[in-house]
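Single-structure report; data block below.
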2 protein chains.
Amino acid sequence: MARVSQEHLDARRRQILDGAALCFARNGFHATSMQDVLKEVDLSAGAVYRYFGGKEELIAAIVTEVLDTVRGIYEQAARETPPPTPDVLIPRTLARMREARPATLDNGEWMFPRLMIQVWTETTRSPEMAATLSEGYQNVRAGWARIVEGYKDAGMMPRDADADAMARAMIAVVQGFAAQIALFGGTFEESVGDGLRALMAVRPPGQDA
Amino acid sequence: MARVSQEHLDARRRQILDGAALCFARNGFHATSMQDVLKEVDLSAGAVYRYFGGKEELIAAIVTEVLDTVRGIYEQAARETPPPTPDVLIPRTLARMREARPATLDNGEWMFPRLMIQVWTETTRSPEMAATLSEGYQNVRAGWARIVEGYKDAGMMPRDADADAMARAMIAVVQGFAAQIALFGGTFEESVGDGLRALMAVRPPGQDA
DNA sequence: TTGTCAAGAAGGAACGTTCGTTTTAGGTTT
DNA sequence: AAACCTAAAACGAACGTTCCTTCTTGACAA
């Protein structure tokens, strides 16, 4: 009967997760030591190990949070009516990621894309994480294929276009730009739209106007 | 004067690099131990340490090889005349990566994309690697922007389109599909073309035909 | 309101292990 | 005989984790 409030426990857990995420975004999961995390969150080992069974559990918690965030944003995008064109949808998706997870590194760079690529590498190591990611990806792909069907219904593109392939391509653009932001920094969500508009404006020679 | 032939030395070095690449693609740089590498290449510690000063040097060699390979392929694509449309250029770029580095994991999955995402995470840790990557990226972006200018010259797209933004977008597609192949496997270079063709066929409502 | 106290929360030294690397001695190839 | 390589042991450093101690909290009795 000397417990501290649930809010306190939740806040501590969040504090640990946030500090760990910062460390992991900086150095990756396996090049950051527990002592790095302990120093970052300014807690003792005893405290952290009360909230997480170990490093693996901490990593799993971060991976899950990242995957849930990304999946949620993709699905939110798929629910928009009417579906925005890709040059609007894709930068908006990136912008929503920044809104949802705006935290930055010490150098001011956006943390979340770095975390994303770290999660990608980690999922290739863990069958359970890989399964979670695959499941989410399947759903997102189906959702974004429905967007493409919406384009067709609106007469914006031919009915015989491959909706699933196009969904994959749009997701690839999001992933690719996330990687570029992680690697090169900057806030170029806007130029993403310009690039996509340009890409959509390409007309193979000897085809209509 | 009982040296072994230079070919032998080169072959040993390559054997070590290939084995290390396999380990790194499996588990990432920092979750694979030197002993993992030693076992994979079936050499003693003394032998490996004769060719590489240590783990860091081994990692740096792998990173450099991956970056050089990718950069070479991007630049080869930029030299094609006449420049193929994106729906041809991009899957061809991925196909050339597979030709250049066809090695597979134990499960038959293509190794190189996994190595690519590992390299991405590693470059965020090392300023020198980050500088190398940034420099290569700048050049590739400029090269691919020249492709876009070629499209304009051929009357395939409006002159006022943002060539640099479009170059970024095309590179993002390559990167995104590399990530998808690394994460989900499969050989869907072909559907990449379908997806891009569909994307390029989108016409915003209330705009031309 | 105040004092007491058990239990929860946090601290921090220390544990055993594993890491990357070096060293040793001996064997094999050229 | 010189270079190459093996096998094994050993190194200090760093790792993840545990364990015991200390501090803090909140219920309850006075």
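Within every chain, numbering begins at 1; the chains are lettered A, B, ... in the order of the sequence lines, protein sequences first and strands thereafter.
Between the CZ atom of B:Arg13 and the P atom of D:dC4 there is a distance of 15 Å, given to the nearest Å. Distance CG (B:Leu9) to P (C:dT30): 12 Å, rounded to an integer number of Å. Distance NE2 (B:His8) to P (C:dT29): 11 Å, rounded to an integer number of Å. As rounded to whole Å, 13 Å separates atom P of C:dT30 from atom CD of B:Glu7. Distance A:Phe52 CZ to D:dT18 C1': 19 Å, rounded to the nearest Å. Rounded to an integer number of Å, the gap from A:Lys39 NZ to D:dA14 C1' is 13 Å.
Using a 4.0 Å heavy-atom criterion, one finds that B:Tyr51 contacts the sugar-phosphate atoms exclusively. Using a 4.0 Å heavy-atom cutoff across all strands shown, B:Arg50 reaches at least one base atom of the nucleic acid.
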I'd like a list of close polar pairs between nucleotides 15-21 of chain C and the protein, N/O only, cut-off under 3.5 Å.
unit_1	atom_1	unit_2	atom_2	d
C:dG20	OP1	B:Met34	N	3.2
C:dG20	OP1	B:Lys55	NZ	2.9
C:dG20	OP2	B:Met34	N	2.7
C:dT21	OP2	B:Tyr49	OH	2.3
C:dT21	OP2	B:Lys55	N	2.9
C:dT21	O5'	B:Tyr49	OH	3.0

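Heavy atoms of other residues, nucleotides or ligands lying less than 6.0 angstrom from CD of A:Glu56 number 12 at most.
Residues A:Leu43 and A:Gln15 meet the side-chain proximity criterion, which asks for heavy atoms closer than 4.5 Å. B:Gln180 has its side chain out of reach of A:Arg141: every pair of non-hydrogen atoms, C-beta onward, lies at least 4.5 Å apart.
Side-chain contact check for B:Ser33 and B:Asp36: at least one donor-acceptor pair (N or O, by modelled atom type) lies under 3.5 Å.
Phosphate proximity of D:dT6 to B:Ser44: present, with a side-chain N or O under 4.0 Å from OP1 or OP2.
Listed nucleotides C:dA10, D:dT25, D:dC5 differ in distance to A:Val4; the shortest reach to its side chain belongs to D:dT25.
Under the 3.5 Å distance criterion, the side-chain polar atoms of A:Tyr151 are matched with a main-chain donor or acceptor of A:Pro84.
With sequence neighbours excluded, the residues satisfying ring-ring contact (aromatic ring centres under 6.0 Å, His included) with A:Phe184 are B:Tyr137.
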